[in-house]
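The figures here come from the full heavy-atom set of this structure, side chains too, leaving out hydrogens, waters and symmetry mates.
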Amino acid sequence: MWNDEEMMMNNWSDLLHSSTKLIEQAAPSPQFPPLQRNLDQLEALSKKLKSKTLRAEAPSQSISATRLLAREGINAEQLARDLKSFELKTSFEDVFPAEATNVEEYLQQVHEVAMVSAIQEAQKDNLQNFNDYMMKVFEEDWQKEKRDFLQSLSRISTLPKTNMPDTNIGSRPGPVVSMSPSLQLSSRPSGMETVSVNEKPVLETKASAFGEVVKDLNNVRERGLLFRPATAFMGVYESLGQEASTGKSVNMQKIWHLIQTMVGENRVMQQNESKKMSLLIGARRHLEWGHEKYIMDTIQTHPAQAALGGSVGNLQKVRAFLRIRLRDYGVLDFDSGDSRRQPPVDTTWQQIYFCLRTGYYEEARNVALSSRASNQFASLLTEWINSGGVMPSDIATLASEECEKMLRTGDRLGRASYDKKKLLLYAMISGSRRQIERLLRDLPTLFNTIEDFLWFQLAAVQDYPGGSSSTVLSESSVPYTLDDLQVYLNKFEASYYTKNGKDPLVYPYVLLLSIQLLPAIIYLFKEGGNEGYNIDAVHIAITLADHGVLSCGTGQRGIMDAYIEAASLIRQYGSMYLRVDNLQMALEYYEQAAAAVGGGELSWTGKCSVDQQRQRNLMLKQLLTELLLRDGGIYLLLGPSSLEGNTELGRFLTDYKSRQQFLLEAAHQCQEAGMYDKSIEIQKRVGAFSMALNTINMCLSEAICALSRGRSDGECRISGLLHSSNETLETFKYCPEVSPGERELVLEQQTVLRQLESILAIHKFARQGQCIDALRDIAKLPFLPFDPRTPDAGVNVFQNLSPHVQVCIPDLLKVALNCLDSMSDTDGSLRAMRAKIANFLANNMNRNWPTDLFEKVARSL
């Protein structure tokens with residue numbers, strides 16, 4: 001304690017000594033005379049100074065802050081207003097205060113909080129995903145139920161609900177037919193737009209013109225002659241003159257040319273080409289045709305720079321195009337006449353590439369052979385041309401190794417950018433997936449247009465049986481396949497290709513070029529709009545189905561699935577003509593729908609598979625039945641009065657027995673659906689008069705029962721049935737081709753008809769109050785033992801009656817009892833009849849007759 005005080009005193013002494021020395025060293029100044037203050041005075045002065053400073057501190061700080069903000073270009077007033085609306089949010093520490101006393105406990109607390117938050121977020125995400133999944137399942141189930149309902153409705157939409165005699169079957173308007181593919185045999189959801197033939201004159205003209213081509217196609221195929229549907233459709237489309245220059249890169253005329261080229265109608269096809277490879281080569285030829293037009297347009301736009309002169313050779317066209325394209329690079333090698341001048345630009349690889357790109361394969365080979373730089377490449381190119389793009393594994397390996405060498409070396413200093421064409425050509429020849437994917441990844445700007453990109457991809461695609469080569473030895477040798485191309489293109493949405501709908505045909509154009517035929521058709525059908533693209537889509541489907549190539553490029557999709565979906569589209573389009581009662585045109589498209597299921601042209605000659613032929617026959621019968629049940633369908637398919645082979649039905653069913661069997665099945669379907677008038681008419685056409693009379697007797701029996709129960713429509717219905725029965729018997733009478741067995745059956749049905757007419761007459765007498773006449777006719781009925789003058793008949797007489805007569809017996813007995821009750825018995829004959837009726841009921845207690853009938857008999861005794 002004493003030591004501390006002594007130390008403090010020493011410090012103060014040192015401080016006093018230092019201040020004294022400072023005063024001695026300071027020179028006196030006249031302006032600032034020396035002042036001497038003790039410690040108390042200094043303390044008082046410092047407090048006074050401090051009080052003055054506190055009053056001016058805030059304004060001084062505010063001014064300094066404003067000056068600082070102004071120096072940085074910040075408005076202090078605006079900042080103050082913004083700070084008023086500034087909201088402070090709770091931080092992690094505010095919500096979860098750190099109570100830990102060391103780092104380990106703090107980290108443990110943070111870990112627990114993070115885990116709880118993660119679990120809560122995961123639960124929330126799982127609940128949302130579950131709800132989304134359930135909603136998706138509900139929507140899919142609803143779509144399936146709706147599809148099933150519409151399909152069942154479409155099968156009975158042409159069938160009336162009742163069988164009225166004076167109602168013309170099919171007189172009511174048919175179902176509203178949409179151009180949407182509510183595919184009967186497909187699981188694809190329907191969302192297409194409705195476009196009818198009568199919507200616009202332009203579309204009507206287009207549909208009519210295409211319909212005539214379909215007629216010609218069916219006619220030619222039935223006779224086994226040659227026909228080129230794509231060429232015919234394209235010619236008709238061009239003759240309509242509907243294509244206008246709208247600034248769009250792809251129009252429908254371009255798509256029709258692509259279809260024509262893909263199916264090989266405007267080129268010579270090699271015999272060893274598979275269908276898939278033929279489509280690929282056709283798509284490539286179409287792109288080469290388009291590039292040739294582009295070259296000629298460029299040359300015509302820049303004639304001076306092209307300097308084509310009088311030369312019209314293919315190589316001269318390419319060189320003229322290169323003069324324009326490479327005008328900024330200097331003198332080109334093929335224009336250099338003086339070797340002493342500056343070395344010209346080597347265009348060897350440019351010439352080879354653009355010759356191939358334009359379809360000038362022979363010129364490309366000649367350029368490769370004539371240049372030292374490409375002499376090694378010439379042999380590879382020759383093999384690629386001769387093999388149609390499918391390279392042997394050893395040659396493909398050489399090209400792939402050359403690509404690896406170039407990629408390892410990289411771009412040398414001073415090397416021109418268009419030398420990359422060499423790398424592109426070697427990668428194309430190699431057909432290696434690795435080289436092509438690396439080329440696209442490292443040189444994304446190598447292709448100027450999507451057509452150039454797709455041409456390169458199509459040229460590089462390799463087609464091996466089973467989807468891959470059996471000689472693949474390493475990763476670098478894995479071939480680039482059509483599936484790889486399709487997967488790459490499908491990474492992008494349709495809006496990417498169409499520029500959000502500004503160029504709508506680009507996407508189906510890309511799909512067709514990549515051999516995704518059915519998706520392209522469905523997209524065109526769906527996005528038909530006011531341009532009528534859906535009409536083109538249907539006829540593109542007809543063309544591709546006729547050539548039997550719809551299943552190419554479908555990947556995992558079944559072969560029959562593609563044909564069934566295309567057939568459903570064609571059928572849906574054909575059913576549109578039913579709305580305007582144009583059954584003939586609907587028949588033409590239905591015929592094409594059945595042919596599509598059967599594999600196209602091969603189905604007409606019977607060269608398709610057994611399953612395809614079966615599918616074709618099933619669909620054909622289904623569609624013919626649909627037409628047959630329409631108003632006017634019988635006249636369309638069977639003609640005025642015969643079942644000969646020169647009818648429309650004879651076009652499809654050439655054998656008489658097959659036609660007869662088909663019509664009998666259709667009549668049975670009509671009968672099951674309650675279309676008795678149609679059934680009777682078809683049975684009469686077939687010559688099944690006994691079946692027609694049986695149907696008439698059944699309907700007449702039901703009408704008599706309805707009349708006895710007081711229904712007002714019974715008389716009208718009965719009148720029509722009696723008229724139909726007389727017509728049937730008259731036709732039977734003058735028909736020479738009736739077998740003895742059929743004749744016996746007709747006589748049996750005629751007997752039943754006469755018995756029903758007798759019962760009908762009794763009901764009419766009773767309704768008119770003529771009870772005596774009614775009872776007299778009842779007593780005369782040979783199949784009922786009610787004549788008082790004759791003994792009781794056996795039960796066998798009643799059991800041999802037709803079922804149509806048996807159902808009328810209970811109502812007939814009620815009529816008899818009512819008549820007996822309304823008359824007085826003078827001679828005992830009425831009592832005898834009552835007894836006979838009672839005995840008759842007693843002998844038939846096992847029959848399911850109404851209870852009130854037995855009660856009525858019991859009361860009358």
His547: ring-ring contact (aromatic ring centres under 6.0 Å, His included) partners, not counting sequence neighbours: none

List for me each residue that meets salt bridge (charged side-chain N to carboxylate O under 4.0 Å, His left out) alongside Lys215, sequence neighbours excluded, and say none if there are none. Glu212

Using a 4.5 Å cut-off on heavy atoms from C-beta on, say whether the side chain of Tyr563 contacts that of Ser551. yes

Between Lys678 and Glu681, is there a side-chain N and carboxylate O pair less than 4.0 Å apart? no

For a quick check under 3.5 Å, do Glu238 and Gln253 share a side-chain donor-acceptor pair by atom type? yes

Pairing residues for Thr358 by the side chain to side chain contact (heavy atoms under 4.5 Å, CB included) criterion, not counting sequence neighbours: His291, Glu292, Ile295, Tyr360

Qualifying residues under salt bridge (charged side-chain N to carboxylate O under 4.0 Å, His left out), relative to Glu588, sequence neighbours excluded: Arg651

Within the 4.5 Å heavy-atom criterion, are Leu505 and Tyr533 side-chain neighbours or not? yes

Any non-hydrogen side-chain atom of Leu628 less than 4.5 Å from a side-chain atom of Leu663? yes

Flag, side chain of Ser239 to backbone of Val236, donor-acceptor distance under 3.5 Å: yes

Side chain Tyr497, main chain Phe492, donor-acceptor under 3.5 Å: no

Rounded to the nearest 0.5 angstrom, the CG-CD distance for Leu602 and Gln612 is 7.5 Å

Kindly determine whether Gln260 and Arg228 satisfy side chain to side chain contact (heavy atoms under 4.5 Å, CB included), including the steps that lead there. CA-CA 9 Å; Gln260 181 190 28; Arg228 296 179 175 178; over 6 Å; no

Between Leu226 and Val220, the two heavy atoms sitting closest are O-CG1, 3.6 Å

Going by heavy atoms in the side chains, are Leu511 and Ile521 under 4.5 Å from each other? no

If you round to the nearest 0.5 Å, how far is OG1 of Thr498 from CG of Asn500? 6.0 Å

Would you please test Arg571 and Gln622 for side chain to side chain contact (heavy atoms under 4.5 Å, CB included) and show each step? CA-CA 11 Å; Arg571 173 185 179 175; Gln622 181 182 2; 3.4 Å; yes

Other residues, nucleotides, ligands: >12 heavy atoms within 6.0 Å of Glu493 CD: no

Sort out for me which residue in Gln661, Gln669, His668 forms a side chain to side chain donor-acceptor pair (under 3.5 Å) with Glu665. Gln661

Leu512 side, atom CG; Leu454 side, atom CG - distance, nearest 0.5 Å: 11.5 Å

Quick one, Ile540 and Phe233 - any side-chain contact, counting heavy atoms below 4.5 Å? no

Non-neighbouring partners of Phe227 that pass ring-ring contact (aromatic ring centres under 6.0 Å, His included), sequence neighbours left out: none

In chain order, what residues pass the side chain to side chain donor-acceptor pair (under 3.5 Å) check against Tyr590, with sequence neighbours excluded? Glu626

Which pair of non-hydrogen atoms, one from Leu203 and one from Gly532, has the smallest distance, and what is that distance? CD2-CA, 3.6 Å

Heavy atoms of other groups near Tyr496 OH, more than 12 under 6.0 Å: no

Test item: Met585 and Val580 side chains (from C-beta on) under 4.5 Å apart, heavy atoms: no

cation_pi(Arg223, Trp604) dist<6.0 Å, angle<=45: no

Which of these, Asn218, Leu587, Val538, sits in a side-chain contact (heavy atoms from CB on, under 4.5 Å) with Gln592? Asn218

Kindly compute the distance separating CE (Met234) from CD1 (Ile255), expressed to the nearest 0.5 Å. 11.5 Å

Return the minimal non-hydrogen interatomic distance between Met619 and Ala567, and the atom names on each side. SD-CB, 4.0 Å

Can you tell me if Tyr361 has over 12 outside heavy atoms packed within less than 6.0 Å of its OH? yes

Taking all non-hydrogen atoms of both residues, which atom of Ile564 and which atom of Val597 are closest, and how far apart? CA-CG2, 4.5 Å

Examine distances only and state if a side-chain atom of Arg685 and a backbone atom of Gly639 form a donor-acceptor pair shorter than 3.5 Å. yes

Could I get the full list of side chain to side chain contact (heavy atoms under 4.5 Å, CB included) partners for Glu451, not counting sequence neighbours? Lys254, Leu287, Arg357, Thr449, Tyr509

If the condition is ring-ring contact (aromatic ring centres under 6.0 Å, His included), which residues does Trp289 pass it with, not counting sequence neighbours? His257, His286

Using only atom types and a distance under 3.5 Å, with no angle test, would you say the side chain of Ser208 pairs donor to acceptor with the backbone of Thr205? no

Side chains of Ile515 and Met262 in contact at under 4.5 Å (non-hydrogen atoms): yes

Tyr635: what forms a ring-ring contact (aromatic ring centres under 6.0 Å, His included) with it, not counting sequence neighbours? none

Val610 and Arg614, any side-chain heavy atoms less than 4.5 Å apart: no

Output, in order, the C-alpha distance, side-chain angles, deciding distance and verdict of side chain to side chain contact (heavy atoms under 4.5 Å, CB included) for Asp581 and Asp631. CA-CA 8 Å; Asp581 295 329; Asp631 186 25; over 6 Å; no

Could you go step by step and tell me if Tyr488 and Phe453 meet the ring-ring contact (aromatic ring centres under 6.0 Å, His included) rule? CA-CA 12 Å; Tyr488 181 84; Phe453 169 78; 5.6 Å; yes

Test of understanding: with side chain to side chain contact (heavy atoms under 4.5 Å, CB included), list the residues that count as partners of Met691, not counting sequence neighbours. Leu664, Gln683, Ala688

Exercise: identify the closest heavy-atom pair between Gly632 and Leu583: C-CD1, 3.8 Å

To the nearest 0.5 angstrom, please state how far the CZ atom of Arg630 sits from the OG atom of Ser575. 9.5 Å

Which atom of Arg284 lies closest to which atom of Leu458, heavy atoms considered: NH1-O, 3.9 Å

Residue list, side chain to side chain contact (heavy atoms under 4.5 Å, CB included) with Asn617, at least two apart or on another chain: Gln613

Starting at CD of Gln486, measure out to CD of Gln457 and round the result to the nearest 0.5 Å. 11.5 Å

Could you go through Thr231 and Glu265, starting from their C-alpha distance and side-chain angles, then the distance that decides it, and tell me whether this counts as side chain to side chain donor-acceptor pair (under 3.5 Å)? CA-CA 7 Å; Thr231 304; Glu265 291 185 5; 2.7 Å; yes

Tell me, which pairs form a side-chain hydrogen bond (donor to acceptor under 3.5 Å, both in side chains) where one or both residues lie in residues 537-546, sequence neighbours left out? Arg221-Asp546, His539-Tyr589

Donor on one side chain, acceptor on other, Asn490 and Gln516, under 3.5 Å: yes

